[in-house]
Amino acid sequence: MFSSAKGGVGKSFVTTNIGIWLSKIRKRVLVVDLDLTTGNVHTFFGNPYGGSGMTNYIDGQTALSDMIKKSSFTDCDYIQGTLKLTEDHFSDYKKATQLVTDLRSLPYDYILLDTTTGVTQSNLNLINLVDKVFAVTTPELASLE
């Protein structure tokens with residue numbers, strides 16, 4: 001899980017590039033854009049926004065496995081986020097747990113979560129459920145706080 005308290009610090013850039021690097025050493029990688037307001041992982045893979053995003057999974061309309069998109073990098077797939085304002089959907093611990101359970105059932109060596117910015121209940125729940133958490137920040141006071 002890659003997270004940050006402040007936007008614009010390069011969290012999506014770092015997440016996608018680590019995913020690409022892992023795929024280059026022959027690991028199967030899924031990058032999941034959990035930014036439910038201005039998700040942009042798809043842009044780092046050079047693709048326009050289109051089709052189903054994470055809100056389709058949240059609303060029970062689409063299974064995670066049906067939302068996986070191929071990138072131009074072999075073995076590095078992604079699920080796009082959302083480009084609209086939504087509520088804090090994974091603030092319910094059961095929903096966050098179900099998301100992590102569903103992700104773990106997918107056939108990948110690594111699943112990288114690019115989370116929404118800020119200290120949200122969703123992010124706090126996910127921190128308790130994932131294997132590793134990386135904080136991406138810049139050396140300016142607002143980011144470090």
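The analysis underlying the following values was restricted to heavy atoms, covering all of them including side chains, and did not include hydrogens, waters or symmetry mates. Nothing fancy with the numbering, it's 1 onward along the sequence.
Side chain of D59 to backbone of Q61: no donor-acceptor contact under 3.5 angstrom is found. A donor-acceptor contact shorter than 3.5 Å is absent between the side chain of D102 and the backbone of L99. At distances below 3.5 Å, at least one donor-acceptor pair connects side-chain atoms of K69 with backbone N or O atoms of G50. For the pair Q80 (side chain) and Y49 (backbone), a donor-acceptor distance under 3.5 Å is absent. At distances below 3.5 Å, not a single donor-acceptor pair connects side-chain atoms of S12 with backbone N or O atoms of V41. Side-chain atoms of N47 never come within 3.5 Å of backbone atoms of T43 as a donor-acceptor pair (strictly under, hydrogens ignored). In this structure a side-chain-to-backbone donor-acceptor pair under 3.5 Å is present from S122 to F90. In this structure, the side chain of S4 engages the main chain of V136 through a donor-acceptor pair within 3.5 Å. When atom types are taken as modelled, the side chain of N125 and the backbone of S91 share a donor-acceptor pair closer than 3.5 angstrom. A donor-acceptor pair under 3.5 Å is formed between the side chain of N123 and the backbone N or O of G118.
With a 4.5 Å cut-off on side-chain heavy atoms, T15 and V31 count as touching. Taking 4.5 Å as the limit, every side-chain heavy atom of F2 sits out of range of all side-chain heavy atoms of L34. Between C76 and L22, the closest side-chain pair of non-hydrogen atoms is not below 4.5 Å.
Pairing each heavy atom of V29 with each of S23, the nearest pair is CG2-N, 3.9 Å. In terms of heavy atoms, T82 sits closest to M54 at OG1-N, 4.0 Å.
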Discussion item. Working note: Y57 + D66, criterion side chain to side chain contact (heavy atoms under 4.5 Å, CB included); need CA distance, chi angles, decisive distance, verdict.
Written reply: CA-CA 9 Å; Y57 166 80; D66 295 332; over 6 Å; no

Discussion item. Could you go through R104 and D131, starting from their C-alpha distance and side-chain angles, then the distance that decides it, and tell me whether this counts as salt bridge (Lys or Arg N to Asp or Glu O under 4.0 Å)?
Written reply: CA-CA 11 Å; R104 288 182 193 273; D131 296 329; 3.4 Å; yes

Practice prompt. Given side chain to side chain contact (heavy atoms under 4.5 Å, CB included), test N40 with D35 step by step and report yes or no.
Written response: CA-CA 8 Å; N40 63 12; D35 190 335; 6.0 Å; no

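Ion pairing of D114 with K11 is present here, as a side-chain N (NZ or NE/NH1/NH2) and a carboxylate O approach within less than 4.0 Å. Between D77 and R28, at least one side-chain nitrogen of the basic residue sits less than 4.0 Å from a carboxylate oxygen of the acidic one, meeting the salt-bridge criterion.
The distance from atom CG of L126 to atom OG1 of T120, rounded to the nearest 0.5 Å, is 7.5 Å. Distance OH/Y110 to CG/D75: 13.0 Å, rounded to 0.5 Å. One finds the OG1 atom of T16 at 8.5 Å from the CZ atom of F73 (value rounded to the nearest 0.5 Å). Taking CG from L112 and CZ from F134, the interatomic distance works out to 8.5 Å, rounded to the nearest 0.5 Å. Once rounded to the nearest 0.5 Å, the distance linking CD of Q121 with OH of Y93 reads 10.0 Å. In this structure, the separation between CG on L103 and CG on L64 is 5.0 Å, given to the nearest 0.5 Å.
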